[in-house]
Amino acid sequence: PFPVSASLMLLSSRNSLAIFLTLFALLALTLKDGADKYLVLHGYSVMEMVWFRFFVPFLGLLLLLPRRTVSALLAVDRWLLLRSLLFLVCALVSVIALAHVPLNVYTIICQLGSLAFVVAGVIFFRERLTRAKVAAVLLGLFGVLVVTHPDGGDANLYYLLPLVIVLANTGYNLITKLVDPRLTTLDILIVTCFMLGMVAMVALCWQPALWRFPALADWPYLLALPVVTLLSQYCLIKAMQYAQASTLAPFFYFQIFFSTLCGYLMFGEMPTLSSMAGCLLIVLAGIVVIHSQRRARVLALSETAEQV
């Protein structure tokens, strides 16, 4: 009994640590989005922000891990290049969206990522389309419809930009599975920072007017971009090592709370009735997906046990 009890306690502590790391990473990502919104509203170009977010950490990795950085760049394959391109789309569109969309609405729509994975699994991996999945997708789409019609009139087209991020994010996560398995997470991070940082560097050299020397009060926001990017990615990677994705999935919805609080404190954005109603529908859709996945996993394990 003692070994079993000890193993259960260890599993519980690892899950607790993973949940804490996940929440910390989501808070860091929300602060990054808040910094993005602040900077774009204060006249900084998208390319300058991308340069700070990716090229600065690349320089840091090059100085700290020169051999590892060079070896990662020499191991680049076509899938990693395509993944970096989709990541660039996410980075650019997110800044444009945050200039026009309240922070909490942006986060709410981006929570459709779990539903996008369901659709991608059906299309690309021929996964079974169950009634629960269909219901979840319809709920999520209706939630987006409610959010994008904040006044019950014409849709705010800027509110659709987070959907582009959802699609690009789903794409680069799927492509990650096709990247050479010998490449580690650190290798992928190095290549991503280099590719996106170089794109920003070329754009800034080609159009120097895109660069604006930062005001003293804006340096904390600019320096926060690379710091929270690396910190959040590290915490999420460690969290996934400590606990299963299905255990952590429900806690990703805490980012809606963080973004609502951040939007109110930083920009005076008050959540509207339509945004909260749409949020409820999208979260409900995500819960349906999580429940159906867990149920399918339990059934698969029970069938395997019966065969044994």
Side-chain angles (χ1 to χ4, degrees), residues 21 24-25 27-36 38-40 44-95 165 168-169 171-173 175-216 218-241:
L21 290 173
F24 185 81
L27 177 60
L29 286 172
T30 303
L31 293 176
K32 190 276 298 177
D33 290 339
D36 278 340
Y38 171 89
L39 292 168
V40 73
Y44 290 90
S45 71
V46 177
M47 282 303 172
E48 183 174 358
M49 295 162 62
V50 171
W51 186 87
F52 269 97
R53 183 181 175 186
F54 296 102
F55 198 76
V56 171
F58 170 75
L59 290 178
L61 291 169
L62 182 61
L63 291 174
L64 294 174
L65 305 167
R67 292 184 179 179
R68 183 66 177 273
T69 301
V70 173
S71 64
L73 294 178
L74 293 176
V76 174
D77 61 12
R78 59 176 180 172
W79 295 114
L80 198 49
L81 289 175
L82 182 56
R83 182 186 184 277
S84 299
L85 177 62
L86 291 174
F87 203 104
L88 177 63
V89 171
C90 289
L92 296 177
V93 175
S94 65
V95 175
I165 300 172
N169 181 63
Y172 80 68
N173 279 317
I175 289 174
T176 302
K177 298 181 179 181
L178 302 175
V179 173
D180 189 339
R182 292 173 295 181
L183 294 176
T184 65
T185 303
L186 179 59
D187 294 329
I188 295 174
L189 185 62
I190 289 172
V191 172
T192 301
C193 288
F194 173 75
M195 295 298 297
L196 274 65
M198 286 304 298
V199 169
M201 176 73 79
V202 170
L204 291 171
C205 291
W206 183 44
Q207 292 288 339
L210 294 175
W211 175 269
R212 169 188 169 186
F213 190 80
L216 183 62
D218 298 337
W219 274 105
Y221 296 94
L222 287 165
L223 294 179
L225 297 180
V227 172
V228 298
T229 295
L230 291 177
L231 192 61
S232 61
Q233 292 301 311
Y234 176 81
C235 289
L236 285 176
I237 291 169
K238 297 300 292 184
M240 292 300 177
Q241 292 175 349

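We use all heavy atoms of the structure for the numbers below, so side chains are in, but hydrogens, waters and symmetry mates are not.
Here the CH2-CG distance, from W51 to L225, works out to 11.5 Å after rounding to the nearest 0.5 Å.
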If you look only at distance, which donor and acceptor atoms sit under 3.5 Å apart when one is on a side chain in residues 201-213 and the other is two or more places apart or in another chain?
{"residue": "R212", "atom": "NH1", "partner": "H42", "partner atom": "O", "Å": "2.2"}

With a cut-off of 3.5 Å and sequence neighbours excluded, list every side-chain donor-acceptor pair involving residues 85-92.
none

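Not counting sequence neighbours, the partners of R182 by the salt bridge (charged side-chain N to carboxylate O under 4.0 Å, His left out) test are D180. For T192, the side chain to side chain donor-acceptor pair (under 3.5 Å) partners at least two apart in sequence or on another chain are R83. Annotation: side chain to side chain contact (heavy atoms under 4.5 Å, CB included) contacts of A75 (sequence neighbours excluded): L183. Every residue meeting the salt bridge (charged side-chain N to carboxylate O under 4.0 Å, His left out) condition with D187, not counting sequence neighbours, appears here in chain and number order: R68. Residues satisfying the side chain to side chain contact (heavy atoms under 4.5 Å, CB included) criterion with F24, sequence neighbours excluded, are L231, C235. With sequence neighbours left out, the salt bridge (charged side-chain N to carboxylate O under 4.0 Å, His left out) criterion links D36 to K32. By the side chain to side chain contact (heavy atoms under 4.5 Å, CB included) test, A224 is found to be paired with no residue, residues two or more places apart in sequence or in another chain being considered. For the side chain to side chain donor-acceptor pair (under 3.5 Å) test, no residue two or more places apart in sequence or in another chain qualifies with Y221.
Between L196 and S84, the closest side-chain pair of non-hydrogen atoms falls below 4.5 Å. Between F55 and V50, every side-chain heavy-atom pair lies at or beyond the 4.5 Å cut-off.
The stretch residues 175-198 participates, sequence neighbours left out, in these ring-ring contact (aromatic ring centres under 6.0 Å, His included) pairs: F58-F194. Among pairs with a residue in residues 45-67, none fulfils salt bridge (Lys or Arg N to Asp or Glu O under 4.0 Å), at least two apart in sequence or across chains.
Residues F54 and C193 come closest through the heavy atom pair O-CB, 3.4 Å. Minimum heavy-atom separation, T69 to L65: OG1-O, 2.7 Å.
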For L230 and L189, run side-chain contact (heavy atoms from CB on, under 4.5 Å): C-alpha distance rounded to whole Å, both residues' side-chain angles, the deciding distance at 0.1 Å, then the answer.
-> CA-CA 9 Å; L230 291 177; L189 185 62; 3.7 Å; yes

